[in-house]
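All values below come from the heavy atoms of this structure, side chains included, with hydrogens, waters and symmetry mates left out. Not measured: the values here are computed from a predicted model.
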Amino acid sequence: MEGQSMSLLGKMMAVIGISVVAGLIVHVRDPLDSILGGGYPELWRKAGLAGAPARAVACIFAGVSLLAMGWLYRLLFAPLELLRTPDEVGYIAEDGRSRAQAANEVRRRRKTGELPPVYPNGWYRVLDSHMLERGDVKNVTVLGEQVAVFRGTEGKAYVVDAYCPHLGANLAVGGRVVGQSIECPFHGWQFRGEDGKCVRIPYAEKVPEFAKVRCWRSMETNGQVLVWFHCDGEEPGWTVPEQGEITRGEWVYRGRTEHFINAHIEEIPENAADIAHLAHLHTPGIVSGVDLRYTNSKTWEFVRHDWKVQWEAESEPTKHCSQMLVKHALTVFGRHWPLLDMDVVARQVGPGVVFLLFDHSFLGRGVIMHCVTPVEPLLQCVSHTIFYQSNIPPLVPKFILRAECIQFERDVMIWNNKKYISKPLLVKEDSAIQKHRRWFSQFYSDNSPRLHYQHNTLDF
């Protein structure tokens, strides 16, 4: 509802702006009429150019005004959305190569190391709820599989295998929603979202009992559609908790970022326990950017972030959760700015979902939903979706999300180029990393899929 209100407000502003500008252009009086004593040269009048200079200026002014209004609206009201392509962040393009060429070369030549299983058991985000209207169908790749995500006419979201068991057409490419079912675009077979069973074949007298498509167990909470994966087909032993403020509408959607990481999934959450990297990688101010070759430039060293971090695994009955407690402070020219101090609780739920909870006496409260979903064995889709107090100006959460994005992209440059070390050389101060690996191992089973070979032909 909040997004619809903002969209309606934007349309109203555009209509009012265009109406005012059109009125100005139609009724504008050229000052040259007065300066020239009420007369243009006769040739100008015969050619219909009387008043043209003033109208031209008015048109230019109107265009600039509309652009400024659009920019101001996006800055103040529209959600921030930064969607990065797989080769856009984390690679260094040199010697005339494009970023895509640099990314493909890294993927081909990098040593992967001795990897853990590639798909841990757990809940994973498929897409955000606002991206799926009633009757919509989306084609998504998760855990090496193509799935069709659709929302029935009653509003419930369903996730099924994308390929029709009849002759293999992709249900999400041209398929349509019929009630609570999805219809194949090839022959019109209809599959029920609840259990995947085929309920109609338009040219057949009877639907075979065994005609069905695989249905993924899914849930929708906190403005996201999630699916459950377990290599042995076991039912969920836990769920992703509901954030009450989002459900009640107290916290509203303010934007999201999306990145694709060329690494094993475990590398990403392990950052929470790698306390030492914060002081080295994330101390330089966000004004110094994301390219690690320049983040320690003396030009920007007057802005520094200070971090105090603690990571702990939770015990039963929430042993599938862990917490990172973060205390952040900002110094500018060596002076501490207490107003920008912020405490963050990062609670990880399973292998793929993290709640980054913000609570500030002045800047308000909110959450960033940090979600990691394997696309394929060594390619992760990472999204950050922010919900914030509805009575706080949107500029505040958008700034927080942008700052988080800058810090995160520094990590992306590491992940995209590093090798996984199964037996790392650690010192005493790195003990939390080993604790995290032991904690994360609970999401693997004996039959969890492993990477036996690396695809060398997938180019961005």
message: Contact between Cys381 and Glu258 at the side-chain level, heavy atoms closer than 4.5 Å - yes or no?
response: yes

- prompt: Measuring from Leu395:CG to Arg402:CZ, what's the distance to the nearest 0.5 Å?
  reply: 13.0 Å

query: Does the side chain of Met342 come within less than 4.5 Å of Leu340's, by heavy atoms?
result: no

message: One thing to verify: whether Glu376 and Arg107 come together as a salt bridge, which I'm taking to mean a side-chain N less than 4.0 angstrom from a carboxylate O.
response: yes

query: Counting only heavy atoms not in Asp232, do more than 12 fall under 6.0 Å of its CG?
result: yes

task: For the residue pair Pro377 and Tyr119, establish whether any side-chain heavy-atom pair is separated by less than 4.5 Å.
output: yes

query: Any sub-3.5 Å donor-acceptor pair from Glu245's side-chain atoms to Arg365's backbone N or O?
result: no

query: Where the side chain of Asn222 meets the backbone of Gln224, is there a donor-acceptor pair that is under 3.5 Å apart?
result: no

- prompt: Is Asp291 salt-bridged to Arg293, going by a charged N under 4.0 Å from an acidic O?
  reply: yes

query: Given the rule in the side chain to side chain contact (heavy atoms under 4.5 Å, CB included) test, do Val137 and Val177 qualify, once you have shown the distances and angles that lead to the verdict?
result: CA-CA 7 Å; Val137 185; Val177 174; 3.6 Å; yes

task: Would you please indicate if the ring centroids of His259 and Phe408 are separated by under 6.0 Å?
output: yes

- request: Could you walk me through whether Asn121 and Trp228 pass side chain to side chain donor-acceptor pair (under 3.5 Å), step by step?
  value: CA-CA 8 Å; Asn121 303 319; Trp228 169 259; over 6 Å; no

message: Run Gln389 and Asn391 through side chain to side chain donor-acceptor pair (under 3.5 Å) and show every step you take.
response: CA-CA 5 Å; Gln389 279 182 248; Asn391 60 343; 3.0 Å; yes

message: A side-chain contact here means heavy atoms from C-beta on lying under 4.5 Å apart; do His436 and Asp274 qualify?
response: no

message: Within a 6.0 Å radius of atom CZ on Phe186, are there more than 12 heavy atoms belonging to other residues, nucleotides or ligands?
response: no

message: Return the CG to CG distance between Asn271 and Leu281, rounded to the nearest 0.5 Å.
response: 8.0 Å

query: Do Pro449 and Cys231 come within less than 4.5 Å of each other through their side chains, counting heavy atoms only?
result: yes

Nearest non-hydrogen partners of Leu115 and Leu378, listed with the distance: CD1-CD2, 3.9 Å

- prompt: For Arg84 and Glu409, what are the C-alpha separation, side-chain angles and deciding distance, and is it a side chain to side chain contact (heavy atoms under 4.5 Å, CB included)?
  reply: CA-CA 10 Å; Arg84 305 301 197 191; Glu409 289 183 356; 2.8 Å; yes

task: Give me the ring orientation class for Trp189 and Phe191: parallel if the planes are under 30° apart, tilted from 30 to 60°, perpendicular past 60°.
output: tilted

query: Which atom pair, heavy atoms only, marks the closest approach of Lys212 to Pro165?
result: O-CG, 3.4 Å

- request: Kindly give the heavy-atom pair with the smallest separation between Val106 and Asn416, and that separation in Å.
  value: CG1-O, 3.3 Å

query: Which atoms form the tightest heavy-atom contact between Val372 and Gln380, and what is the distance?
result: CG1-CB, 4.0 Å

- prompt: Would you call Glu314 and Arg347 a salt bridge, using N to O less than 4.0 angstrom?
  reply: yes

task: Applying side chain to side chain contact (heavy atoms under 4.5 Å, CB included), run through Arg437 and Glu266 and close with a yes or a no.
output: CA-CA 8 Å; Arg437 291 193 175 189; Glu266 192 173 335; 3.7 Å; yes

Gap between atom OH of Tyr388 and atom CZ of Phe358 - 0.5 Å precision: 7.5 Å

query: Does the side chain of Val412 reach to within under 4.5 Å of the side chain of Ile261, using non-hydrogen atoms?
result: yes

query: In Å, rounded to the nearest 0.5 Å, how long is the span from CD1 of Ile201 to SG of Cys184?
result: 10.5 Å

Value rounded to 0.5 Å, distance of OG1 in Thr221 from CD1 in Ile246: 7.5 Å

- prompt: Relative to the ring of His166, is the ring of His187 parallel (under 30°), tilted (30 to 60°) or perpendicular (over 60°)?
  reply: perpendicular

task: First locate atom CG of Asp343, then atom NZ of Lys308, and finally report the distance between them rounded to the nearest 0.5 Å.
output: 11.0 Å

- prompt: Taking everything shown except Tyr203 itself, do over 12 heavy atoms lie less than 6.0 Å from its OH?
  reply: yes

- prompt: Does a side-chain N-to-carboxylate-O contact under 4.0 Å join Arg217 and Glu235?
  reply: yes

message: Using side chain to side chain contact (heavy atoms under 4.5 Å, CB included), reason through Phe440 and Glu270 one step at a time and then give a plain yes or no.
response: CA-CA 9 Å; Phe440 200 88; Glu270 188 171 283; over 6 Å; no

query: Which heavy-atom pair separates Ser181 from Arg192 by the least distance, and what is that distance?
result: OG-CA, 3.5 Å

statement: Residues Gly350 and Trp238: closest non-hydrogen pair is CA-CH2, 3.5 Å

Given His282, His336, His328, the one that forms ring-ring contact (aromatic ring centres under 6.0 Å, His included) with His305: His328

- prompt: Can a salt bridge be assigned to the pair Glu154 and Lys156 using a cut-off of 4.0 Å between side-chain N and carboxylate O?
  reply: no

Gln323 and Glu312: side chain donor to acceptor below 3.5 Å: no

message: Angle between ring planes, Trp311 versus Trp439, binned at 30° and 60°: parallel, tilted or perpendicular?
response: perpendicular

